[in-house]
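Residues: numbered from 1 along the sequence shown.
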Amino acid sequence: MVSKRAKETFLTRFLNVKSNELSRVCACFFVKFFYRFGFVVGWTVIIALLVSNYGIKYLPFLFMANGLFILASGTVYTRLVSRFKNSHLIIWTVLTASVVILLATLLMKNSNVFIFPVLIFAESFFLYQLNILIAAFVERFFTPLSSQRTFPVIESADTVAILLAGIVLATLSEIVEPHNFLYLWIFSILMIVPALSLANRYLGGGYSEEISEAQKKKSTFIDILVKGIGRSRKTPFLATLVFIVLFQWLFFSLMEFQYTKSISASVMSDMDLPQTVSSYEHALVHALGSLQILFGGSALFIQVFAGSRIIASLGVVSSILLYPMVAFLSVLGLTLNFSYLTGVFAKNNTEMTNAIFKNAYHSAFYILPDKSRELSREFLDGFVRPFSAIIGMSIIVVLQFLFKGEMLLLTTNAALAITAVFMMGYVLRSRKQYTRSAVALLFDENSSVHDKEDAVEILMQKGHSGVFAIFSKALSSDLLPEKVKTKIIDILANLDYNSSCEYLAHLLLCDDKVVSKKVFPLIENKIPKNILRHIKTSLNKK
């Protein structure tokens, strides 16, 4: 019989997480799972109802309304985030959104006219902000280095949810009216509350929700924009990340339109005449739901088997670069032959690389001081993303007005390709900025000890250059706390490759006696005894 310890060891090795992280990973997994499952069900139904009742040409207006409501929600949530605890906000948002969706479902029995504004209001104003709140909730449980391993496993909750939601939609679409799936949406997001309660109960002191006096000050959405722009000007990496997010979301919006257009056309051509709105709704929900199974399965495979290992081996910036590279190649396929197959292929490729992009993107927030992360996230996700979605759909509306048929396809694909190229350029530009921002955080006199420790872990990620020279400077500095220096030694001494021990020995044998004297007390219990004896002999000769 396999012992519990052996099972846990196998599971942790399979997931590439440590035993003491497993409970935290599971708790965060379920919080994200229930959010994403409900979102996939609800968003699929909204798109199917809109396209079947009004046509594909009105889809851009749905995305634009979505973006505008998100921007409006930022005016409220920027005040709430700085004044209330994260977990309390999550519960309040879940309950309010559930009531609004229920209202929309009841309204639909009488008229379809009101359902779209109410549903979009619920999804954009409340549930989009809920996703930002959950991301901040998860971030608190982990460090920059551990996030490389744990975030892909936690983010796999999204893909598991997509997979299961696709199965439910595809299986039940023939017998359940599309609007009745909204009750499942309500149930799923309500399940976030007990999942959150369990997380806080079992994780105890692992999660801090202290709100500083500075955070309690009232902030308007304009304040967040001004501070976000000012912060991005002072932090080059954050400024570049703004453009990366802008072009990534712009590409996503354009791709979502092209994909839905290809699926809608395929469903229309496969249906027997005469067609009715009801039969088209059922067929479209079935098609979109079935394809969610493919996308969820593909993304899940990447996240479980490769996600954490890709980020750990490539680093944060190089992992982000995968998205625009694969996106550009997918657009070439759409341009050569726009069809059901190429639409599905392009969407699947972007979903797979987006799974890695999201993990690396969330890890990148550790480059910011802890006190400004949540507001920076609100700036990027609550303003930059919806703003770029509005730009993307505005482009579609203009192109639909100017072009028809084949020319419309070509110009839309050209916009997709240009967006992918620009994103690629900004990601490449951010490589050195990421390192410089980490160094600045480490040596900044105003940054906290916790922020400096995060900077040390960031510098130990792959993709940085000159790290050992930076750590030599840090260890010899009188301005850095001993706790931070100990953190540097602990990380170096526990690395799996031999160069760490060689480097530590080099620090002790270097000509700078100040460095060697300060390093030795920290390191003597961290390196092999044979190296230690050699170091002691050399130090005595000095």
Side-chain angles (χ1 to χ4, degrees), residues 135 139 142-152 155 228-249 307-325 353-354 356-377 379-381 384 422-444 446-448 450-474 484 487-488 491-492 495:
E139 179 193 282
F142 304 98
T143 65
L145 279 179
S146 66
S147 72
Q148 292 184 137
R149 290 177 289 97
T150 57
F151 279 10
E155 288 295 333
I229 294 171
R231 200 175 293 120
S232 64
R233 291 179 65 183
K234 293 178 181 177
T235 309
F237 177 77
L238 180 59
T240 305
L241 189 61
V242 168
F243 287 98
I244 292 172
V245 171
L246 190 148
F247 286 113
Q248 190 266 343
W249 205 246
S308 62
R309 292 168 177 85
I310 288 174
I311 296 174
S313 59
L314 295 181
V316 168
V317 175
S318 295
S319 298
I320 291 175
L321 185 61
L322 287 175
Y323 185 93
M325 290 175 64
T353 50
N354 187 52
I356 297 172
F357 174 89
K358 285 193 297 182
N359 299 323
Y361 169 71
H362 289 307
S363 291
F365 275 93
Y366 288 107
I367 202 74
L368 302 173
D370 184 54
K371 63 183 180 181
S372 64
R373 282 177 200 163
E374 207 157 337
L375 294 180
S376 296
R377 191 189 302 277
F379 171 66
L380 286 168
D381 292 348
V384 177
F422 270 98
M423 183 182 173
M424 207 180 307
Y426 275 101
V427 174
L428 291 172
R429 180 182 178 182
S430 70
R431 284 180 182 275
K432 292 183 179 180
Q433 293 175 341
Y434 189 57
T435 302
R436 285 198 293 265
S437 295
V439 174
L441 186 63
L442 176 61
F443 291 102
D444 187 358
N446 297 320
S447 62
S448 66
H450 179 70
D451 289 337
K452 293 178 187 295
E453 289 181 314
D454 283 348
V456 171
E457 292 206 6
I458 290 169
L459 289 168
M460 288 312 302
Q461 296 170 343
K462 292 293 180 67
H464 300 286
S465 59
V467 174
F468 286 162
I470 295 168
F471 285 162
S472 295
K473 179 182 177 182
V484 177
K487 178 82 170 180
I488 295 173
I491 290 178
L492 288 173
L495 290 178

Looking only at heavy atoms, what is the nearest atom pair of [X] and [Y], with distance?
X	Y	answer
Lys452	Asp444	NZ-O, 2.6 Å
Leu321	Pro324	O-CD, 3.1 Å
Leu322	Ile356	CD1-CD1, 4.1 Å
Ala360	Ser319	CB-CB, 3.9 Å
Asp381	Tyr361	OD1-OH, 2.6 Å
Ile458	Tyr366	CD1-O, 3.3 Å

If I take atom [atom1] from residue [X] and atom [atom2] from residue [Y], how far apart are they, to the nearest 0.5 angstrom?
X	Y	atom1	atom2	result
Glu453	Ser448	CD	OG	8.5 Å
Leu459	Leu441	CG	CG	9.0 Å
Arg431	Arg436	CZ	CZ	13.5 Å
Leu238	Gln433	CG	CD	10.0 Å
Asp451	Asn446	CG	CG	10.5 Å
Tyr434	Phe237	OH	CZ	6.0 Å

Plane angle bin for Tyr323 and Phe357 - parallel if under 30°, tilted between 30 and 60°, otherwise perpendicular: tilted
Test side-chain contact (heavy atoms from CB on, under 4.5 Å) applied to Leu246 and Met423, step by step: CA-CA 8 Å; Leu246 190 148; Met423 183 182 173; over 6 Å; no
Side-chain heavy atoms of Tyr426 within contact of Leu241, under 4.5 Å: no
Any donor-acceptor N/O pair, Lys487 side chain to Glu457 backbone, under 3.5 Å: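 Not at all, since once roles are kept as given, no pair shorter than 3.5 Å links the two residues.
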Residues Ile367, Asp454; criterion side-chain contact (heavy atoms from CB on, under 4.5 Å); working and verdict: CA-CA 8 Å; Ile367 202 74; Asp454 283 348; over 6 Å; no
Flag if over 12 foreign heavy atoms under 6.0 Å of CZ, Phe365: yes
Phe443 atom CZ: more than 12 heavy-atom contacts under 6.0 Å: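 Yes.
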